2 protein chains.
Amino acid sequence: MSEDRLSRVFAALADPTRRDLVARLSAADATVGELAAPYDVSLQAVSKHLKVLEDAGLVSRESRRAPVRLEAEVFDLMTKWIERYQQQAEERYQRLDALLAEMQEDRPARETAREEDAS
Amino acid sequence: MSEDRLSRVFAALADPTRRDLVARLSAADATVGELAAPYDVSLQAVSKHLKVLEDAGLVSRESRRAPVRLEAEVFDLMTKWIERYQQQAEERYQRLDALLAEMQEDRPARETAREEDAS
DNA sequence: AAGTTACTCAACCAGACGGTTGACAACTCG
DNA sequence: CGAGTTGTCAACCGTCTGGTTGAGTAACTT
């Protein structure tokens, strides 16, 4: 289910530490130890964070001590989801604006038919 | 802190029900009851979901029974974050590809004499 | 082979999360 | 006014999450 994947991706990025990890990995691959160094949490905690990112498909590694690498393709999944509804919403607002503009053209004193108005 | 806001937005969208609410609201505003109808969870649960979306700034309402409206601008926040690191990562991969291609041009047998380059 | 380094697994804990039910607040309407 | 509708608040429950520490595993170094 791709739906589930999207949930994991969003959940993974909901944590500031994990977003920071992604940000740093976008600049350069790095090992777990290197990644953990700047934070004042334990290495195990960072290792867990990386597992979450890995399960979401945002990150990969060839072996245990190999540098962690960002999988940038996953971003497309999010971007697509976002863009779809963003566009849809914006189009709707544009239609609303158009409607309001159209109503504006009519005389304010004698506007066109609300519900209480007999037709 | 805008950082915190981003966390709330991502966390809000990590839940499939909430993503579905956003999807439906992108098509049309709707009241809480209307929104709750299709799901087989209680109205209270949906009310809670809407509160999460509202706290994340994804959704707004003028009064209690007023239709819920999608705030599409928040999407920009996410899109910006994503694009930044996506681009950065892609550029890095391109540089890596270029480097690999360059290394490929040199004879494997001969050593690293790279002087005939004339671009 | 032994020792060190780098990382993960396991158990545990406090707090957040998604859901429930029940009570209540607020608006609409006869 | 009183009654019904609509939505929220509060308390509770089981599960997930982010953190800890301690032990174990895998891989380099000597």
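Here the structure is a predicted model, which is why all the values come from computation and not from measurement. Chain naming here is simple, since letters A, B, ... match the order of the sequence lines and numbering starts at 1 in each.
Nearest-nucleotide positions on DNA chain D place A/D40 closer to the 5' end than the other of A/D40 and A/S63.
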Please output the side-chain donor-acceptor pairs of residues 69-76 of chain A that fall under 3.5 Å, not counting sequence neighbours, one pair per line with the distance.
residue, atom, partner, partner atom, Å
A/E71, OE2, A/S60, OG, 2.6
A/D76, OD1, B/Q86, NE2, 2.7

Residues 36-44 of chain B, side-chain donor-acceptor partners within the protein, below 3.5 Å, at least two apart:
residue, atom, partner, partner atom, Å
B/Y39, OH, B/D20, OD2, 2.6
B/Y39, OH, B/R24, NH1, 3.1
B/S42, OG, B/A45, N, 3.2

At a cut-off of 3.5 Å, list every protein nitrogen or oxygen paired with a nitrogen or oxygen from nucleotides 24-27 of chain C, distance to 0.1 Å.
residue, atom, partner, partner atom, Å
C/dA26, O4', B/R64, NH1, 3.3

Grab the N/O contacts between the protein and nucleotides 11-18 of chain C below 3.5 Å, and write none if there aren't any.
residue, atom, partner, partner atom, Å
C/dG18, OP1, B/R18, NH1, 3.4
C/dG18, OP1, B/R18, NH2, 2.9
C/dG18, OP2, B/R18, NH1, 3.2

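Checking side-chain atoms of A/R92 against main-chain N and O of B/A27 turns up a donor-acceptor pair under 3.5 Å. Between the side chain of B/R61 and the backbone N or O of B/R64 there is at least one donor-acceptor pair closer than 3.5 Å. At least one donor-acceptor pair under 3.5 Å links the side chain of A/R19 to the backbone N or O of A/L13.
The pair B/R8-B/D4 meets the salt-bridge criterion, since a charged nitrogen lies less than 4.0 angstrom from a carboxylate oxygen. The pair B/K51-B/D55 meets the salt-bridge criterion, with a side-chain N (NZ, NE, NH1 or NH2) lying under 4.0 Å from an Asp/Glu carboxylate O.
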(message) Using the rule given for side chain to side chain contact (heavy atoms under 4.5 Å, CB included), can you reason through A/L35 versus A/L25, listing the C-alpha separation, both sets of side-chain angles and the distance that settles it, and then say yes or no?
(response) CA-CA 9 Å; A/L35 289 169; A/L25 285 169; 4.0 Å; yes

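For the pair B/L43 CG and C/dT20 C1', the computed distance is 13 Å after rounding to whole Å.
A heavy atom lying under 4.0 Å from DNA chain D marks the following residues of residues 23-35 of chain B, by number: B/T31, B/V32, B/G33.
Annotation: side chain of B/L21 is not in contact with side chain of B/V68 (no heavy-atom distance under 4.5 Å). B/T31 has its side chain out of reach of B/R65: every pair of non-hydrogen atoms, C-beta onward, lies at least 4.5 Å apart. The shortest distance between side-chain heavy atoms of B/W81 and B/V9 does not fall below 4.5 Å. Using a 4.5 Å heavy-atom threshold, the side chains of A/V32 and A/L50 count as touching.
Taking the 5' to 3' direction, DNA chain D first and last meets chain B under 4.0 angstrom from a heavy atom at D/dT5 to D/dA11.
Residue B/S42 places none of its side-chain N or O atoms closer than 4.0 Å to OP1 or OP2 of C/dG19.
In terms of hydrophobic clustering, with Ile, Leu, Val, Met, Phe, Trp and Tyr side chains grouped at heavy-atom distances under 4.5 Å, A/F10 and A/V52 are assigned to different clusters.
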